[in-house]
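Before any comments, here is the structure.
Keep in mind that the numbers below use all heavy atoms, side chains included, and drop hydrogens, waters and symmetry copies.
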Amino acid sequence: MKKRVLLISDTIVMPLERGNRKRVFNLINMLRENGCEVDFLFLATYPEEDPALTKEFIGEDHFFTFSNKKRTATVFWKRKVRKMLELMHIPGLFKYFSVDEKISPEIGAYMEKLMKQRSYDVVWAEYIYTSKALCYVPENVTKVIDTVNAFTFKRQMYEAVGYRNYEFALKKEEEARGLSRADHVVAIQEEEEAFFRSILPEGAKVCTIGENMPVAKPYVTNTKNILFLGSYYVVNREGVKHFIREILPLVKEQCPDCNFQLAGSICNHIPDSAEYEKLGYVESVEDTYKNARLVINPVHVGTGLNIKTIEAVSMAKPLVSHEVGVRGLRTDTAFALVAEDNRAYADAIITLLQDDEKAMELSRNACAFMKEYKEKNTRALQGILEDKKD
């Protein structure tokens, strides 16, 4: 018998331009592959997000929209104060949020109405800040929070790259309060699973479900293209700028014919230069990866899982990354060259540009890792779907 799942998200799925959209896309595909019928509740929050393509992907009869615009008076004034403090460059006050600040207080009435109209086995909330919706789900329905990030660490991550804007961040106690609304808490990688277990009561059901993507066969491309494909997210921008300024010149000293390519919305936030090539939005992600000799992940800080890492590895591409880019991806067989200082990072790239055997070794290792990784993710998902409420 098919399980009926309601997935709640404040982000559209299509087009697949950002990691958070790819996360939802991959989860929906995993649920469908495991025999689930998926409805999608879109919390319409940002006016620039057009849900037309997402509705087509989900199916019109399975797509619902909630206008997520209204806020309580307390939250309204906190937002005003935060905006003023940003303009005045005064850090500190109100830099941590409450877990429900990003959701309308009208969500309760909407969920109660929807729950009467539709029958679900599982209600799945994307990100902890949509978890308020779970408070209005019947007791016999399995409630899941897909955390995607540990928001306890977000503030220090922003500050590490000099980003002072008041983006969503939580104190540990507030994160635990939100997570306690779910029967199952899903981490995106194992280090965060351990953190969530540490802040929840003993016996809480926490698991890791990473990113399941189709896996290419091992291969090495005979080009000199070094690729970064990613969004304009602040940690991507700072990582790419550092790479261009500090590492790319070191690579070009020994490989002057190499070509650094940028793809995705990151291109809109990096100035034009003869030192690299900006591809912009690419119609075929697969072809863009195939034309790359290797892929880099230059981010220095972050939470959650670097989906760009998994995407590159699933494409069987040799990867060069800082440690944070592969955090939570434990394996006995290295699928990436990891380096922290500029010289070592440049040397790793040079090795993969010049050494076909090493590049092929990493490509094979990437495929082997992805096979095991996907199996673990599928088992974890099946454990949630098979769990029966008392």
Side-chain angles (χ1 to χ4, degrees), residues 1-69 102-104 106-107 109-134 136-138 141-148 182 184 186 188 209-214 231 265 281 283-286 307 310-311 314 374 377-378 380-382 384-385:
M1 182 178 174
K2 273 192 172 184
K3 293 274 187 178
R4 297 194 67 191
V5 179
L6 175 65
L7 192 145
I8 304 170
S9 174
D10 72 333
T11 183
I12 57 176
V13 179
M14 299 294 191
L16 292 172
E17 295 178 330
R18 306 175 197 167
N20 58 344
R21 295 181 187 180
K22 292 174 182 177
R23 171 63 173 180
V24 179
F25 175 80
N26 292 332
L27 279 173
I28 290 170
N29 285 336
M30 284 182 69
L31 288 164
R32 288 172 170 173
E33 288 166 5
N34 283 274
C36 296
E37 180 182 311
V38 181
D39 283 1
F40 188 91
L41 174 56
F42 175 50
L43 307 182
T45 308
Y46 311 103
E48 69 273 13
E49 293 207 325
D50 181 356
L53 291 175
T54 301
K55 185 182 292 189
E56 184 179 328
F57 168 64
I58 297 294
E60 191 164 349
D61 293 340
H62 297 278
F63 189 92
F64 303 93
T65 302
F66 170 72
S67 179
N68 188 38
K69 303 293 173 61
K102 295 186 71 174
I103 197 164
S104 167
E106 296 176 344
I107 190 63
Y110 184 90
M111 286 295 296
E112 288 173 349
K113 181 180 178 181
L114 183 61
M115 291 300 106
K116 289 176 182 177
Q117 293 173 346
R118 312 280 286 190
S119 175
Y120 294 108
D121 300 293
V122 180
V123 175
W124 188 296
E126 284 297 301
Y127 287 104
I128 194 171
Y129 52 71
T130 68
S131 65
K132 182 70 173 177
L134 299 180
Y136 307 96
V137 174
V141 177
T142 299
K143 297 181 283 292
V144 182
I145 295 174
D146 181 36
T147 58
V148 187
H184 293 267
V186 175
I188 203 167
I209 300 177
E211 298 293 317
N212 275 16
M213 301 180 186
S231 73
S265 59
Y281 175 76
E283 289 293 333
S284 173
V285 170
E286 290 80 6
I307 294 176
I310 293 298
E311 187 171 69
S314 72
K374 289 178 66 175
N377 292 335
T378 301
L381 176 63
Q382 291 170 346
I384 292 174
L385 296 177

Step-by-step salt bridge (charged side-chain N to carboxylate O under 4.0 Å, His left out) determination, E311 to K22: CA-CA 10 Å; E311 187 171 69; K22 292 174 182 177; 2.9 Å; yes

Verdict with supporting geometry, D121 and V141, side-chain contact (heavy atoms from CB on, under 4.5 Å): CA-CA 5 Å; D121 300 293; V141 177; 6.0 Å; no

Using modelled atom types and a 3.5 Å cut-off, is there a donor and acceptor pairing between side-chain atoms of [X] and backbone atoms of [Y]?
X    : Y    : result
K143 : H184 : no
N377 : I209 : no
D10  : T45  : no

From [X] atom [atom1] to [Y] atom [atom2], the distance as rounded to the nearest 0.5 Å:
X    : Y    : atom1 : atom2 : answer
T54  : F42  : OG1   : CZ    : 7.5 Å
F64  : Q117 : CZ    : CD    : 7.5 Å
L41  : H62  : CG    : NE2   : 14.5 Å
E126 : F40  : CD    : CZ    : 8.0 Å
K113 : Y110 : NZ    : OH    : 8.0 Å
W124 : L134 : CH2   : CG    : 11.5 Å

Nearest heavy atoms of [X] and [Y], plus distance in Å:
X    : Y    : value
K132 : I103 : CB-CG2, 3.9 Å
V38  : L7   : CG1-CB, 4.4 Å
S9   : V24  : OG-CG2, 4.1 Å
T130 : A125 : OG1-CB, 3.3 Å
S104 : S67  : CB-O, 4.5 Å

Under 3.5 Å side-chain donor-acceptor pair for N212 and N26: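 Side-chain D/A pair, N212 to N26: absent.
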
Can you establish whether the number of heavy atoms outside [X] located under 6.0 Å from its atom [atom1] is more than 12?
X   : atom1 : value
E48 : CD    : yes
E60 : CD    : no
E37 : CD    : yes

Side chains of [X] and [Y] in contact at under 4.5 Å (non-hydrogen atoms):
X    : Y    : answer
I107 : N68  : no
V144 : I384 : yes
Y120 : P138 : no
N34  : T378 : yes
V5   : I28  : no
S265 : Y281 : no
T147 : V186 : no
R21  : P15  : yes

Verdict with supporting geometry, E106 and K69, salt bridge (charged side-chain N to carboxylate O under 4.0 Å, His left out): CA-CA 9 Å; E106 296 176 344; K69 303 293 173 61; over 6 Å; no

Residue pair L43, I8: steps toward the side-chain contact (heavy atoms from CB on, under 4.5 Å) verdict: CA-CA 7 Å; L43 307 182; I8 304 170; 3.9 Å; yes

Working for salt bridge (charged side-chain N to carboxylate O under 4.0 Å, His left out), residues R23 and D146: CA-CA 10 Å; R23 171 63 173 180; D146 181 36; 2.7 Å; yes

R32 to F57, cation-pi by 6.0 Å centre distance and 45° axis angle: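 That pair qualifies as a cation-pi contact.
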
side-chain contact (heavy atoms from CB on, under 4.5 Å) assessment of R118 paired with L6: CA-CA 9 Å; R118 312 280 286 190; L6 175 65; over 6 Å; no

